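On a predicted model such as this, the values are computed, not experimentally measured, just so you know.
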Amino acid sequence: MSYSTPESRTLHAAFAEKVDAVLSALEMEGTLPADTSRSNVTVEPPRDASHGDLATNAAMVLAKQAKTNPRELAGKIVEKLQADPEITEAEIAGPGFINMRLADGAWLRELATIAEFGEDYGKSNMGGGSTVNVEYVSANPTGPMHMGHCRGAVVGDALASLLEFAGHKVIREYYVNDAGGQVDVLARSAHLRYREALGETIGDIPEGLYPGDYLVPVGQYLANELGDKYQAAAEDEWLPIFRAEAVEQMMGLIKDDLALLGIHHDLFSSEAALQAAGKPEAAEEWLRKHDLVYDGVLEAPKGKAPPEDWEPVELPLFRSTKFGDDQDRPIKKSDGKWTYFGADLAYHMQKAEDADALIDIWGADHAGTVKRIKAAVAALSEGEGTPIPFDVKLVQMVQLMRAGEPLKMSKRSGNFITLAEMVDEVGKDVVRFTMLTRKPEAQMEFDFAKVVEASKDNPVFYVQYAHARIHSTLRKGAAEGFAPSVKNIELLGAEELELIKQAAQFPRMVEAAASAREAHRIAFYLYDLAGAFHAYWNLGNDNPQKRFIVAQDADLSGARLFLAAQIGQVILNGLAILGVEAVEEM
RNA sequence: GCGCCCGUAGCUCAGUCGGAUAGAGCAUCAGAUUCCUAAUCUGGGGGCCACAGGUUCGAAUCCUGUCGGGCGCACCA
């Protein structure tokens, strides 16, 4: 698989290479020692634009190795940089920064590059085609998706897209927890609805079963499929059948809900199938062979009062303390069934077979189990080389609000806000973008009243509006006979160049966001780019000569429309990563 | 009691591998619309980056401790 914009072709990477070449030359001359470590050298835009287009800290980082002071070393670097015709200015600043200004032509060429690559602009080969498994959502198949699942779903999906864009192969995976006690509860709840569908009066749903109405059609479906065969049968006769049927129905609901958010997984892995295939047994055997599982007795929980029925039991324990966990963890229960962790351990083993790196997106309420699963993955490489890279991303709770008032949700009464209701009320794009305008590990508020306001307070409209304005202008240009054209882009001036510089950051942002595994950076970047565009647009309010379409000047109009089209392209590409539609009209 | 996450402007939040004078929106004050979409823009005021130490040329960022908020803490999922 080849990628259209290899790293070396992006503007920033090209200039980083120029700096690197200068350092190599200084090594040849003996100014720098031959084995100089450059790992801390950065070449990036300074925060303050008045310092220039790019800055490097090379002199400060390398001064010690060169046995000189930063400013002196900077002088030698600057001397060589100035020889490059595309670097119009290179000067020493502050403690030894080197600030560079690039020739306009370099930026204009990047603008043409955007057009050349189109929807591939910003793609990177950073990932080198390596496979990353992103497991996200993985909600229990016991009912429709509710709000609590939403953030993790969006964060995981956007991260998956981001990694694809950055040159990884991505497996989007959903782990179906269809083997635990709660799917038995689901099966019993479905059986009750089945009897109801066959005409029985069931009254109130008993405590401990799922009361939600969403099981009514499941009962009807089962009545149609199975007749009254299991109406009076013993539980162990019907339980496995009802469990499987109900889970399948629930997964149908969940997939429909996810589709409302534009989320589609590549792979649904069943815990029950995993167990049926004997994977946990295989894992246990392997771990015992490496002395990572032993039979032992857990201590009573400290600090808080132990449960009344606490008693010491001997269980097979995984040595997670060896990998930094606080205590060893049981992989089997006293009834001989696998614990959730025991199965999950085998599941991660299975995922690791087909991927070069693993990422799990979990809700923050599972924070307590991160250490043990990290320990499990670390244990997989016991005795054989480097461990598989593994990240667990914790997504914090969302506090739902309406006009400043917290919304209370109660699972018991079945009174929770579903994902479908949420998407229906505010729309897919608002849900997705809003969830991505905070870093996932920080708690956030989601106010139903605020997020639908069509204002600058609401970033999704702000960014989409910029894209819509661009297309409005392109339409108007077309109507008046002006087409975007790369031919005369040298007519673009200082204000346009500022906009181009902002757009040219996109490939950098993609790589930075992908290596940090933080899709939200793309959202913030797009917000800034949209802001720069809106600011430029408004210049035309005061001065008609600064509009995109200047009726008397076809060459200039063509160049500016070309600029507009490329800004739109970058917004489109960024929104595509986030899974948000780039509307052309609002 | 222990573990994990968070603490940045009145509010909601960014802040790149440690980099230069810490940013944006909202709110507030003052302005811009015979105009390609004002769902926009320009400017002002607003900060002990929770607190105290440490690391170094340099700390909101890394380390230690304290305080505050959230989540979790035997075989549940």
Side-chain angles (χ1 to χ4, degrees), chain A residues 39-42 44-48 51 55 57 60 63-64 69-70 93-97 99 140 142 177 180-182 298-304 306-307 310-313 315 325-327 329-335 337-342 344 363-371 394 396-397 399 437-439 441-445 447 450 453-459 461-462 464-466 468-470 472-477 480 508-509 512-513 515-516 518 520-521 523-524 527-528 531 534-544 547-550 557 560-561 564 585-586:
Chain A
S39 57
N40 292 326
V41 174
T42 60
E44 51 190 26
R47 281 187 189 172
D48 186 339
H51 290 136
N57 63 354
M60 288 183 292
K64 205 175 261 179
N69 69 68
F97 285 103
N99 294 331
N140 292 325
T142 56
N177 298 133
Q182 58 195 350
L298 281 179
E299 289 173 32
K302 290 172 195 151
K304 62 174 199 178
W310 160 264
E311 50 188 51
V313 200
L315 295 168
D325 199 1
D326 311 303
Q327 58 172 285
R329 305 291 176 178
I331 58 171
K332 267 186 187 170
K333 301 187 264 186
S334 49
D335 66 2
K337 289 183 182 163
W338 296 100
T339 62
Y340 181 83
F341 172 66
D344 206 22
D365 52 342
H366 288 67
T369 61
V370 171
K371 280 186 180 177
L394 290 180
Q396 283 288 339
M397 302 287 121
Q399 172 70 58
T437 47
R438 270 141 193 83
K439 54 183 174 185
E441 65 270 24
Q443 289 154 243
M444 72 176 286
E445 289 181 7
D447 193 311
K450 266 192 192 163
E453 277 174 25
S455 74
K456 198 167 182 180
D457 196 18
N458 186 358
F461 284 103
Y462 189 72
Q464 286 181 320
Y465 182 41
R469 266 185 160 174
I470 287 167
S472 153
T473 305
L474 292 173
R475 285 192 298 271
K476 173 148 175 125
E480 296 180 13
R508 270 186 74 243
M509 295 307 306
S515 62
E518 292 182 345
H520 74 272
R521 294 192 193 188
F524 281 96
Y527 185 77
D528 287 344
H534 287 310
Y536 176 77
W537 175 284
N538 273 67
L539 294 175
N541 282 341
D542 298 330
N543 181 355
R547 291 181 197 159
F548 285 96
I549 299 164
V550 181
S557 299
R560 285 193 180 155
L561 287 171
E585 257 178 292
M586 287 177 80

Under a 3.5 Å cut-off for both distances, is B/U40 Watson-Crick or wobble paired, and to whom? B/A32
I need the NZ-P distance between A/K333 and B/A74, as an integer number of Å. 15 Å
B/C41, B/C17, B/G3: which one has an atom nearest the side-chain heavy atoms of A/T42? B/C17
Length of the CE-P vector between A/M60 and B/U56, whole Å: 17 Å
Students often get this wrong, so: under 4.0 angstrom with heavy atoms, is A/L298 touching a base, only sugar-phosphate, or nothing? sugar-phosphate
Does A/K337 NZ have over 12 foreign heavy atoms under 6.0 Å away? no
C1' gap between B/G43 and B/A24, integer Å: 16 Å
Any N or O donor-acceptor pair linking the side chain of A/D365 to the base of B/A77 at under 3.5 Å? no
Do A/F524 and A/M509 come within less than 4.5 Å of each other through their side chains, counting heavy atoms only? no
Does any donor-acceptor pair link the side chain of A/R508 with the base of B/U16 at a separation under 3.5 Å? yes
Rounded to whole angstrom units, what separation is found between the NE2 atom of A/H520 and the C1' atom of B/A14? 7 Å
Under 4.0 Å between any heavy atoms, over every strand shown, what does A/M444 touch: base, sugar-phosphate, or nothing? Just pick one. sugar-phosphate
By the 4.0 Å heavy-atom rule, please label A/A364 as base, sugar-phosphate, or nothing. sugar-phosphate
How is A/Y465 classified with respect to the nucleic acid when contacts are heavy atoms under 4.0 Å: base, sugar-phosphate, or nothing? base
Could you tell me the separation between the NZ atom of A/K332 and the C1' atom of B/C76, rounded to a whole number of Å? 19 Å
Students often get this wrong, so: under 4.0 angstrom with heavy atoms, is A/R521 touching a base, only sugar-phosphate, or nothing? sugar-phosphate
Categorize A/A93 for me: base, sugar-phosphate, or nothing, with a 4.0 angstrom heavy-atom threshold over every strand shown. base
Write down the distance separating the P atoms in B/G53 and B/A14, rounded off to the nearest Å. 28 Å
What integer number of Å spans the C1' atoms of B/A27 and B/A9? 11 Å
Phosphate contact (B/A38 OP1 or OP2) by A/W537 side-chain N/O below 4.0 Å: yes
Say you pick atom P in B/G25 and the same atom in B/G45; how far apart are they, in whole Å? 14 Å
Give a yes/no on whether any side-chain N or O of A/Y462 is located under 4.0 angstrom from OP1 or OP2 of B/C41. yes
Ignoring backbone atoms, establish whether A/K439 has a side-chain N or O less than 4.0 Å from OP1 or OP2 of B/G7. yes
Please give, in whole Å, the distance from B/C75 P to A/Q182 CD? 14 Å
How many angstroms lie between atom CH2 of A/W537 and atom CZ of A/R469, to the nearest 0.5 angstrom? 5.5 Å
Answer with base, sugar-phosphate or nothing: what part of the nucleic acid does A/N541 contact at a heavy-atom distance below 4.0 Å? base
Side chain proximity check, A/F548 to A/I470, heavy atoms < 4.5 angstrom: no
Would you classify A/P330 as touching base, sugar-phosphate or nothing, given that sugar-phosphate means primed atoms plus P, OP1 and OP2, and contacts are heavy atoms under 4.0 Å? sugar-phosphate
Base, sugar-phosphate alone, or nothing: which one does A/R438 contact when heavy atoms must sit under 4.0 Å apart? sugar-phosphate
Just checking A/A466: base, sugar-phosphate only, or nothing, at a heavy-atom cut-off of under 4.0 Å? nothing
Mind checking if A/D528 touches a base, just sugar-phosphate, or nothing, with heavy atoms under 4.0 Å? nothing
Judged by nearest nucleotide, the residue sitting upstream toward the 5' end of RNA chain B, A/T473 or A/S334, is A/T473
How far does the C1' atom of B/A60 sit from the matching atom of B/C73, given to the nearest Å? 31 Å
With a 4.0 Å cut-off on heavy atoms, is A/A468 in touch with a base, just the backbone sugar-phosphate, or nothing at all? base
C1' atoms of B/G47 and B/G15, separation to the nearest Å: 15 Å
Who is the Watson-Crick or G-U wobble partner of B/U66, with both distances under 3.5 Å? B/A50
Centroid distance under 5.5 Å and plane angle under 30°, A/F97 vs B/A20: yes
Between B/U40 and B/C4, how far apart are the two P atoms, rounded to whole Å? 43 Å
Can any side-chain N or O of A/R438 pair as donor or acceptor with the backbone N or O of A/Q443 at less than 3.5 Å? no
Whole angstrom value for the distance that separates P of B/A77 from NZ of A/K337: 9 Å
So how far is it from A/Q396 CD to A/K439 NZ, rounded to the nearest 0.5 Å? 11.0 Å
When the nearest nucleotide of RNA chain B is assigned to A/T339 and to A/M509 on a heavy-atom basis, which residue is associated with the more 5' position? A/M509
Gap between atoms CD and C1', on A/E445 and B/C26 respectively (whole Å): 13 Å
Spacing of A/Y527 atom OH relative to B/G23 atom P, expressed in whole Å: 17 Å
Over all strands shown, is A/D325 touching base, sugar-phosphate only, or nothing at heavy-atom distances under 4.0 angstrom? nothing
Under 4.5 Å between any side-chain heavy atoms of A/L315 and A/S334, yes or no? yes
Can you check whether A/H366 stacks with the B/G72 base, using ring centres under 5.5 Å and planes within 30°? no
I'd like the C1' distance from B/G72 over to B/G65, given in whole Å. 23 Å
Would you compute the distance between atom OG1 of A/T369 and atom CG of A/D344 and round it to the nearest 0.5 angstrom? 8.0 Å
Looking only at non-hydrogen atoms, find the nearest pair between A/L474 and A/L561 and report the distance. CD2-O, 3.8 Å
Categorize A/N57 for me: base, sugar-phosphate, or nothing, with a 4.0 angstrom heavy-atom threshold over every strand shown. base
